[in-house]
Protein chains: 2
Amino acid sequence: MKSEIEVFRKFIRNKGLRKTPEREQVVRAVFAIHDHFDVDELYALLRRENEKISKATIYRTIPLLLESGLIQEAYFEDGHLHYEHIYGHDHHCHLRCLDCGKVIEFTEETVKDVEGKVGERYDFLVTGHKLEVYGHCGKCRVHK
Amino acid sequence: MKSEIEVFRKFIRNKGLRKTPEREQVVRAVFAIHDHFDVDELYALLRRENEKISKATIYRTIPLLLESGLIQEAYFEDGHLHYEHIYGHDHHCHLRCLDCGKVIEFTEETVKDVEGKVGERYDFLVTGHKLEVYGHCGKCRVHK
DNA sequence: CTACTGTTGCGACTCATTCTCAATAAGGAT
DNA sequence: ATCCTTATTGAGAATGAGTCGCAACAGTAG
(Lines give C-alpha, C1' and ligand atoms only; values in the text may rest on other atoms or scores of the structure.)
Protein backbone atom coordinates (compact mmCIF):
# COMPACT_ATOMS: atom_id res chain seq x y z
CA MET A 1 0.00 0.00 0.00
CA LYS A 2 1.21 3.44 -0.91
CA SER A 3 2.11 5.86 1.84
CA GLU A 4 -0.13 8.85 2.36
CA ILE A 5 2.48 11.19 0.99
CA GLU A 6 2.67 9.17 -2.20
CA VAL A 7 -1.08 9.27 -2.56
CA PHE A 8 -0.99 12.99 -2.04
CA ARG A 9 1.77 13.54 -4.58
CA LYS A 10 -0.09 11.54 -7.16
CA PHE A 11 -3.24 13.53 -6.50
CA ILE A 12 -1.38 16.81 -6.82
CA ARG A 13 0.24 15.74 -10.05
CA ASN A 14 -3.03 14.53 -11.56
CA LYS A 15 -4.67 17.84 -10.79
CA GLY A 16 -1.78 19.75 -12.35
CA LEU A 17 -1.01 21.41 -9.04
CA ARG A 18 2.42 22.01 -7.61
CA LYS A 19 4.29 19.94 -5.10
CA THR A 20 5.32 22.30 -2.31
CA PRO A 21 7.04 21.68 1.01
CA GLU A 22 4.23 23.52 2.84
CA ARG A 23 1.57 21.16 1.55
CA GLU A 24 3.65 18.15 2.37
CA GLN A 25 4.27 19.38 5.90
CA VAL A 26 0.54 19.65 6.38
CA VAL A 27 0.07 16.09 5.14
CA ARG A 28 2.75 14.91 7.54
CA ALA A 29 1.18 16.74 10.45
CA VAL A 30 -2.24 15.33 9.68
CA PHE A 31 -0.91 11.79 9.80
CA ALA A 32 1.19 12.50 12.87
CA ILE A 33 -2.00 13.14 14.85
CA HIS A 34 -3.62 9.84 15.62
CA ASP A 35 -6.95 11.28 16.54
CA HIS A 36 -9.44 13.86 15.39
CA PHE A 37 -7.96 17.24 14.72
CA ASP A 38 -8.85 20.76 13.73
CA VAL A 39 -6.93 23.50 11.97
CA ASP A 40 -5.62 25.02 15.19
CA GLU A 41 -4.15 21.72 16.29
CA LEU A 42 -2.38 21.29 12.99
CA TYR A 43 -1.07 24.82 13.25
CA ALA A 44 0.12 24.32 16.82
CA LEU A 45 1.85 21.06 15.91
CA LEU A 46 3.66 22.62 12.99
CA ARG A 47 4.72 25.60 15.09
CA ARG A 48 6.05 23.31 17.79
CA GLU A 49 8.27 21.78 15.11
CA ASN A 50 9.35 25.24 14.02
CA GLU A 51 7.70 24.91 10.67
CA LYS A 52 6.52 28.35 9.70
CA ILE A 53 3.39 27.58 7.79
CA SER A 54 0.57 30.08 7.83
CA LYS A 55 -2.93 29.19 8.83
CA ALA A 56 -4.16 30.31 5.42
CA THR A 57 -2.06 27.61 3.81
CA ILE A 58 -3.48 24.99 6.14
CA TYR A 59 -6.97 26.14 5.31
CA ARG A 60 -6.09 26.00 1.63
CA THR A 61 -4.69 22.49 1.95
CA ILE A 62 -7.67 20.98 3.76
CA PRO A 63 -9.89 20.83 0.64
CA LEU A 64 -7.09 19.05 -1.20
CA LEU A 65 -6.84 16.46 1.53
CA LEU A 66 -10.58 15.98 1.48
CA GLU A 67 -10.70 15.64 -2.28
CA SER A 68 -7.81 13.21 -2.36
CA GLY A 69 -9.61 11.01 0.14
CA LEU A 70 -6.89 11.22 2.77
CA ILE A 71 -9.11 12.87 5.37
CA GLN A 72 -12.79 13.50 5.98
CA GLU A 73 -14.85 15.80 8.11
CA ALA A 74 -15.53 14.12 11.43
CA TYR A 75 -17.87 16.48 13.23
CA PHE A 76 -18.71 20.10 13.88
CA GLU A 77 -18.06 21.17 17.46
CA ASP A 78 -17.04 24.29 19.35
CA GLY A 79 -17.82 26.45 16.38
CA HIS A 80 -15.59 24.73 13.86
CA LEU A 81 -15.07 21.56 11.94
CA HIS A 82 -12.95 18.65 13.11
CA TYR A 83 -11.35 16.20 10.73
CA GLU A 84 -9.73 12.78 10.81
CA HIS A 85 -7.46 10.97 8.44
CA ILE A 86 -9.07 7.95 6.85
CA TYR A 87 -6.43 6.71 4.46
CA GLY A 88 -5.18 3.35 5.64
CA HIS A 89 -7.85 3.01 8.28
CA ASP A 90 -11.00 0.95 8.32
CA HIS A 91 -14.05 3.06 8.08
CA HIS A 92 -15.53 3.79 11.46
CA CYS A 93 -18.41 5.67 12.99
CA HIS A 94 -18.64 7.83 16.08
CA LEU A 95 -20.47 7.33 19.33
CA ARG A 96 -20.66 10.57 21.26
CA CYS A 97 -21.64 11.27 24.85
CA LEU A 98 -23.92 14.30 24.97
CA ASP A 99 -22.83 15.06 28.53
CA CYS A 100 -19.04 14.80 28.63
CA GLY A 101 -18.39 15.01 24.88
CA LYS A 102 -16.37 11.80 24.79
CA VAL A 103 -16.16 10.28 21.32
CA ILE A 104 -15.75 6.54 20.81
CA GLU A 105 -15.02 5.08 17.42
CA PHE A 106 -16.75 1.90 16.38
CA THR A 107 -17.08 -0.12 13.22
CA GLU A 108 -20.34 -1.46 11.94
CA GLU A 109 -20.60 -3.38 8.72
CA THR A 110 -24.34 -3.16 8.28
CA VAL A 111 -24.10 0.52 7.38
CA LYS A 112 -22.31 -0.50 4.18
CA ASP A 113 -25.47 -2.33 3.13
CA VAL A 114 -27.49 0.81 3.66
CA GLU A 115 -25.18 2.66 1.29
CA GLY A 116 -25.87 0.15 -1.45
CA LYS A 117 -29.62 0.08 -0.96
CA VAL A 118 -30.02 3.83 -0.80
CA GLY A 119 -27.71 4.44 -3.75
CA GLU A 120 -29.77 2.16 -5.92
CA ARG A 121 -33.09 3.55 -4.73
CA TYR A 122 -32.20 7.15 -5.59
CA ASP A 123 -29.73 6.61 -8.45
CA PHE A 124 -26.71 7.84 -6.53
CA LEU A 125 -23.13 6.74 -6.91
CA VAL A 126 -22.46 6.52 -3.19
CA THR A 127 -18.91 7.32 -2.12
CA GLY A 128 -19.23 7.32 1.65
CA HIS A 129 -21.24 8.01 4.74
CA LYS A 130 -21.00 9.56 8.15
CA LEU A 131 -22.82 8.00 11.06
CA GLU A 132 -22.86 9.54 14.48
CA VAL A 133 -24.70 7.84 17.31
CA TYR A 134 -25.22 9.83 20.47
CA GLY A 135 -26.47 9.32 23.96
CA HIS A 136 -25.21 9.21 27.53
CA CYS A 137 -22.21 7.17 28.58
CA GLY A 138 -22.18 4.98 31.68
CA LYS A 139 -20.08 7.37 33.71
CA CYS A 140 -22.32 10.34 33.03
CA ARG A 141 -25.46 8.38 33.83
CA VAL A 142 -24.05 7.52 37.25
CA HIS A 143 -23.17 11.13 38.09
CA LYS A 144 -26.81 12.21 37.91
CA MET B 1 -50.11 13.61 20.73
CA LYS B 2 -49.23 16.97 22.20
CA SER B 3 -48.62 19.85 19.85
CA GLU B 4 -45.09 21.17 19.59
CA ILE B 5 -46.01 24.33 21.41
CA GLU B 6 -47.32 22.28 24.34
CA VAL B 7 -44.14 20.26 24.43
CA PHE B 8 -42.15 23.47 24.41
CA ARG B 9 -44.20 25.06 27.20
CA LYS B 10 -43.78 22.02 29.35
CA PHE B 11 -40.04 22.05 28.75
CA ILE B 12 -39.80 25.74 29.61
CA ARG B 13 -41.80 25.27 32.79
CA ASN B 14 -39.75 22.26 33.90
CA LYS B 15 -36.56 24.24 33.45
CA GLY B 16 -37.91 27.16 35.44
CA LEU B 17 -37.61 29.45 32.43
CA ARG B 18 -40.13 32.03 31.34
CA LYS B 19 -42.77 31.67 28.70
CA THR B 20 -42.31 34.57 26.30
CA PRO B 21 -44.07 35.48 23.06
CA GLU B 22 -40.71 35.73 21.31
CA ARG B 23 -39.78 32.15 22.12
CA GLU B 24 -43.17 30.89 21.03
CA GLN B 25 -42.96 32.76 17.76
CA VAL B 26 -39.69 31.03 17.07
CA VAL B 27 -41.27 27.65 17.80
CA ARG B 28 -44.12 28.48 15.46
CA ALA B 29 -41.76 29.58 12.71
CA VAL B 30 -39.69 26.43 13.05
CA PHE B 31 -42.74 24.25 12.55
CA ALA B 32 -44.06 26.42 9.75
CA ILE B 33 -41.02 25.51 7.66
CA HIS B 34 -41.44 22.01 6.32
CA ASP B 35 -37.86 21.54 5.38
CA HIS B 36 -34.38 22.14 6.68
CA PHE B 37 -33.77 25.64 7.90
CA ASP B 38 -31.12 27.91 9.29
CA VAL B 39 -31.23 30.95 11.52
CA ASP B 40 -31.45 33.39 8.62
CA GLU B 41 -34.47 31.64 7.21
CA LEU B 42 -36.23 31.76 10.54
CA TYR B 43 -35.41 35.41 10.84
CA ALA B 44 -36.63 36.17 7.31
CA LEU B 45 -39.87 34.29 7.89
CA LEU B 46 -40.58 36.15 11.12
CA ARG B 47 -39.79 39.48 9.51
CA ARG B 48 -42.14 38.72 6.64
CA GLU B 49 -44.88 38.26 9.23
CA ASN B 50 -43.92 41.54 10.81
CA GLU B 51 -42.76 39.87 13.97
CA LYS B 52 -39.89 41.93 15.26
CA ILE B 53 -37.73 39.33 16.88
CA SER B 54 -34.01 39.89 16.96
CA LYS B 55 -31.54 37.38 15.63
CA ALA B 56 -29.96 37.18 19.05
CA THR B 57 -33.21 35.82 20.43
CA ILE B 58 -33.42 33.23 17.71
CA TYR B 59 -29.86 32.16 18.45
CA ARG B 60 -30.74 31.98 22.13
CA THR B 61 -33.82 29.88 21.44
CA ILE B 62 -32.12 27.26 19.26
CA PRO B 63 -30.41 25.49 22.18
CA LEU B 64 -33.76 25.26 23.96
CA LEU B 65 -35.34 23.66 20.93
CA LEU B 66 -32.48 21.22 20.68
CA GLU B 67 -32.62 20.31 24.34
CA SER B 68 -36.38 19.87 24.29
CA GLY B 69 -36.05 17.45 21.41
CA LEU B 70 -38.15 19.49 19.01
CA ILE B 71 -35.35 20.02 16.51
CA GLN B 72 -31.94 18.61 15.73
CA GLU B 73 -28.92 19.69 13.80
CA ALA B 74 -29.21 18.43 10.25
CA TYR B 75 -25.93 19.36 8.62
CA PHE B 76 -23.23 21.97 8.39
CA GLU B 77 -23.10 23.78 5.08
CA ASP B 78 -22.18 27.19 3.69
CA GLY B 79 -20.41 28.06 6.90
CA HIS B 80 -23.30 27.48 9.26
CA LEU B 81 -25.51 24.84 10.77
CA HIS B 82 -28.86 23.81 9.35
CA TYR B 83 -31.58 22.30 11.49
CA GLU B 84 -34.80 20.41 11.04
CA HIS B 85 -37.76 19.79 13.32
CA ILE B 86 -38.08 16.21 14.37
CA TYR B 87 -41.03 16.26 16.76
CA GLY B 88 -43.89 14.37 15.20
CA HIS B 89 -41.83 13.08 12.31
CA ASP B 90 -40.39 9.66 11.64
CA HIS B 91 -36.67 9.65 11.95
CA HIS B 92 -34.92 9.98 8.63
CA CYS B 93 -31.42 10.19 7.25
CA HIS B 94 -29.88 12.35 4.55
CA LEU B 95 -28.47 11.48 1.18
CA ARG B 96 -26.42 14.35 -0.21
CA CYS B 97 -25.01 14.99 -3.66
CA LEU B 98 -21.44 16.23 -3.38
CA ASP B 99 -21.74 18.06 -6.69
CA CYS B 100 -25.03 19.94 -6.64
CA GLY B 101 -25.67 19.84 -2.90
CA LYS B 102 -29.12 18.31 -3.26
CA VAL B 103 -30.32 16.60 -0.08
CA ILE B 104 -32.75 13.69 -0.17
CA GLU B 105 -34.35 12.33 2.96
CA PHE B 106 -34.72 8.60 3.36
CA THR B 107 -35.72 6.24 6.11
CA GLU B 108 -33.81 3.14 6.96
CA GLU B 109 -34.84 0.86 9.78
CA THR B 110 -31.63 -1.10 10.05
CA VAL B 111 -29.83 1.86 11.55
CA LYS B 112 -32.04 1.49 14.61
CA ASP B 113 -30.48 -1.92 15.19
CA VAL B 114 -27.03 -0.40 15.10
CA GLU B 115 -28.06 1.98 17.88
CA GLY B 116 -29.02 -0.92 20.11
CA LYS B 117 -25.92 -2.97 19.40
CA VAL B 118 -23.52 -0.11 19.88
CA GLY B 119 -25.24 1.17 22.99
CA GLU B 120 -24.91 -2.20 24.62
CA ARG B 121 -21.32 -2.70 23.54
CA TYR B 122 -20.11 0.57 25.05
CA ASP B 123 -22.61 1.01 27.90
CA PHE B 124 -24.33 4.01 26.37
CA LEU B 125 -27.93 5.02 26.74
CA VAL B 126 -28.43 5.87 23.09
CA THR B 127 -30.87 8.67 22.34
CA GLY B 128 -30.40 9.12 18.62
CA HIS B 129 -28.19 9.11 15.60
CA LYS B 130 -27.36 11.09 12.53
CA LEU B 131 -26.56 9.31 9.29
CA GLU B 132 -25.49 11.12 6.19
CA VAL B 133 -24.76 9.20 3.01
CA TYR B 134 -23.07 11.08 0.22
CA GLY B 135 -22.12 10.58 -3.37
CA HIS B 136 -23.05 11.81 -6.83
CA CYS B 137 -26.61 11.98 -8.05
CA GLY B 138 -27.69 10.72 -11.48
CA LYS B 139 -28.01 14.18 -12.96
CA CYS B 140 -24.53 15.26 -11.90
CA ARG B 141 -22.95 12.06 -13.19
CA VAL B 142 -24.42 12.74 -16.63
CA HIS B 143 -23.11 16.30 -16.77
CA LYS B 144 -19.49 15.17 -16.63
C1' DC C 1 18.37 29.39 -17.13
C1' DT C 2 14.08 31.68 -18.19
C1' DA C 3 9.43 32.59 -18.24
C1' DC C 4 5.08 31.64 -16.80
C1' DT C 5 1.96 31.07 -13.41
C1' DG C 6 0.61 28.66 -9.13
C1' DT C 7 1.50 29.22 -4.18
C1' DT C 8 2.63 31.45 0.10
C1' DG C 9 2.23 34.69 4.02
C1' DC C 10 0.29 38.55 5.82
C1' DG C 11 -3.17 41.33 7.09
C1' DA C 12 -7.56 42.93 5.98
C1' DC C 13 -12.05 41.32 5.47
C1' DT C 14 -16.54 38.64 5.83
C1' DC C 15 -19.90 36.50 8.13
C1' DA C 16 -21.94 33.50 11.80
C1' DT C 17 -22.50 33.55 16.46
C1' DT C 18 -21.90 35.37 21.18
C1' DC C 19 -21.68 38.96 24.46
C1' DT C 20 -22.79 43.39 26.93
C1' DC C 21 -25.95 46.16 28.92
C1' DA C 22 -29.85 49.03 29.54
C1' DA C 23 -34.76 48.60 29.11
C1' DT C 24 -38.53 45.53 29.47
C1' DA C 25 -41.68 42.18 31.16
C1' DA C 26 -42.66 37.30 33.32
C1' DG C 27 -44.45 35.46 37.37
C1' DG C 28 -44.52 34.77 42.33
C1' DA C 29 -45.77 37.18 46.45
C1' DT C 30 -48.67 40.52 48.67
C1' DA D 1 -54.47 44.17 40.73
C1' DT D 2 -49.82 45.87 42.04
C1' DC D 3 -45.08 45.25 43.37
C1' DC D 4 -40.54 43.20 43.15
C1' DT D 5 -37.21 40.35 41.63
C1' DT D 6 -34.77 38.76 38.01
C1' DA D 7 -34.95 36.43 33.40
C1' DT D 8 -35.32 38.00 28.78
C1' DT D 9 -35.04 41.04 24.97
C1' DG D 10 -32.98 44.09 21.28
C1' DA D 11 -29.26 46.60 19.40
C1' DG D 12 -24.93 46.88 18.50
C1' DA D 13 -20.18 45.75 19.74
C1' DA D 14 -17.09 41.96 20.05
C1' DT D 15 -15.29 37.48 18.89
C1' DG D 16 -13.55 33.99 16.07
C1' DA D 17 -13.44 30.84 12.11
C1' DG D 18 -12.52 30.97 7.55
C1' DT D 19 -11.60 33.62 3.06
C1' DC D 20 -9.51 36.98 0.07
C1' DG D 21 -6.27 40.29 -2.23
C1' DC D 22 -1.89 41.20 -3.23
C1' DA D 23 3.08 41.37 -3.54
C1' DA D 24 6.95 38.31 -3.06
C1' DC D 25 8.35 33.81 -4.01
C1' DA D 26 9.14 29.30 -6.15
C1' DG D 27 7.71 25.05 -9.00
C1' DT D 28 7.98 23.27 -13.49
C1' DA D 29 8.01 23.06 -18.55
C1' DG D 30 10.82 24.12 -22.26
Side-chain angles (χ1 to χ4, degrees), chain A residues 5-6 8-30 36-47 49-68 71-83, chain B residues 5 8-30 36-68 71-83:
Chain A
I5 201 73
E6 286 169 324
F8 185 73
R9 282 177 184 161
K10 185 169 181 202
F11 170 80
I12 287 291
R13 201 177 330 117
N14 287 345
K15 295 268 291 185
L17 302 174
R18 290 179 184 172
K19 173 173 175 300
T20 72
E22 289 83 359
R23 284 174 175 163
E24 302 210 340
Q25 285 298 336
V26 174
V27 175
R28 246 204 348 86
V30 162
H36 307 119
F37 63 88
D38 57 28
V39 169
D40 274 336
E41 281 163 341
L42 284 184
Y43 185 66
L45 173 60
L46 288 163
R47 288 303 290 273
E49 298 175 341
N50 282 316
E51 301 294 340
K52 46 180 175 14
I53 292 177
S54 77
K55 261 188 195 170
T57 295
I58 300 177
Y59 276 112
R60 286 188 278 233
T61 306
I62 295 283
L64 301 177
L65 293 167
L66 287 168
E67 201 185 335
S68 64
I71 69 170
Q72 70 180 357
E73 295 175 0
Y75 48 84
F76 181 85
E77 197 178 63
D78 297 325
H80 58 268
L81 278 166
H82 295 246
Y83 305 88
Chain B
I5 200 73
F8 185 71
R9 282 177 183 160
K10 185 170 181 199
F11 171 80
I12 287 292
R13 202 177 327 120
N14 287 346
K15 295 269 291 185
L17 301 174
R18 290 178 184 172
K19 174 176 175 298
T20 71
E22 289 84 357
R23 283 173 175 161
E24 303 210 339
Q25 285 298 337
V26 174
V27 175
R28 245 205 348 88
V30 163
H36 308 119
F37 62 89
D38 57 28
V39 170
D40 273 336
E41 280 163 343
L42 283 184
Y43 184 66
L45 173 59
L46 289 163
R47 286 305 288 275
R48 234 178 290 133
E49 298 175 340
N50 281 317
E51 302 293 341
K52 45 180 177 14
I53 292 177
S54 76
K55 263 190 194 169
T57 295
I58 300 177
Y59 275 110
R60 286 188 279 233
T61 305
I62 294 282
L64 302 177
L65 293 167
L66 286 168
E67 200 185 336
S68 64
I71 69 170
Q72 70 179 357
E73 296 174 359
Y75 49 83
F76 181 84
E77 197 177 63
D78 295 326
H80 58 268
L81 278 166
H82 295 246
Y83 305 89

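Naming: A, B, ... by sequence-line order, numbering from 1 per chain.
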Do the side-chain N or O atoms of [X] get closer than 4.0 angstrom to the phosphate oxygens (OP1, OP2) of [N]?
X: T57(B); N: dT8(D); value: no
X: T20(A); N: dT8(C); value: yes
X: Y59(A); N: dG18(D); value: yes
X: R18(A); N: dA26(D); value: no

Can you tell me the distance, in whole Å, between the [atom1] atom of [X] and the [atom2] atom of [N]?
X: E22(B); N: dA7(D); atom1: CD; atom2: C1'; value: 12 Å
X: N14(A); N: dT28(D); atom1: CG; atom2: P; value: 14 Å
X: D78(A); N: dG18(D); atom1: CG; atom2: C1'; value: 16 Å
X: E77(B); N: dC15(C); atom1: CD; atom2: P; value: 17 Å
X: L17(A); N: dC4(C); atom1: CG; atom2: C1'; value: 16 Å
X: R13(B); N: dA26(C); atom1: CZ; atom2: P; value: 16 Å
X: L81(A); N: dA17(D); atom1: CG; atom2: P; value: 12 Å
X: Y43(B); N: dA11(D); atom1: OH; atom2: C1'; value: 10 Å

pair [X]-[Y]: side-chain heavy atoms closer than 4.5 Å:
X: V26(B); Y: L65(B); answer: yes
X: K19(A); Y: R13(A); answer: no
X: R28(A); Y: E49(A); answer: yes

Map P21(B) and K52(A) onto DNA chain C by nearest heavy atom, then report which one ends up closer to the 5' terminus.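 The residue closer to the strand's 5' end, by nearest nucleotide, is K52(A).
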With the side chain of [X] defined as its heavy atoms from C-beta on, choose the nearest nucleotide among [options].
X: K19(B); options: dT8(D), dG27(C), dT17(C); result: dG27(C)
X: D40(B); options: dA16(C), dA11(D), dT7(C); result: dA16(C)
X: H80(B); options: dG9(C), dA11(D), dA16(C); result: dA16(C)

Is a side-chain donor or acceptor of E41(B) paired with a backbone partner of D38(B) at a separation under 3.5 angstrom?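 Indeed, once roles are kept as given, a pair shorter than 3.5 Å links the two residues.
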More 5' along DNA chain D: I53(B) or F76(B), using each one's nearest nucleotide?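 This one resolves to I53(B).
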Side chain to side chain contact (heavy atoms under 4.5 Å, CB included), paired with I53(B), selected from R47(B), R23(B), E22(B):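 Option passing the side chain to side chain contact (heavy atoms under 4.5 Å, CB included) with I53(B): E22(B).
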Tell me whether the side-chain N or O atoms of R60(A) pair up with the base of dG18(D) as donor and acceptor below 3.5 Å, since no angle test is needed here.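 Answer is no: no donor-acceptor pair is held.
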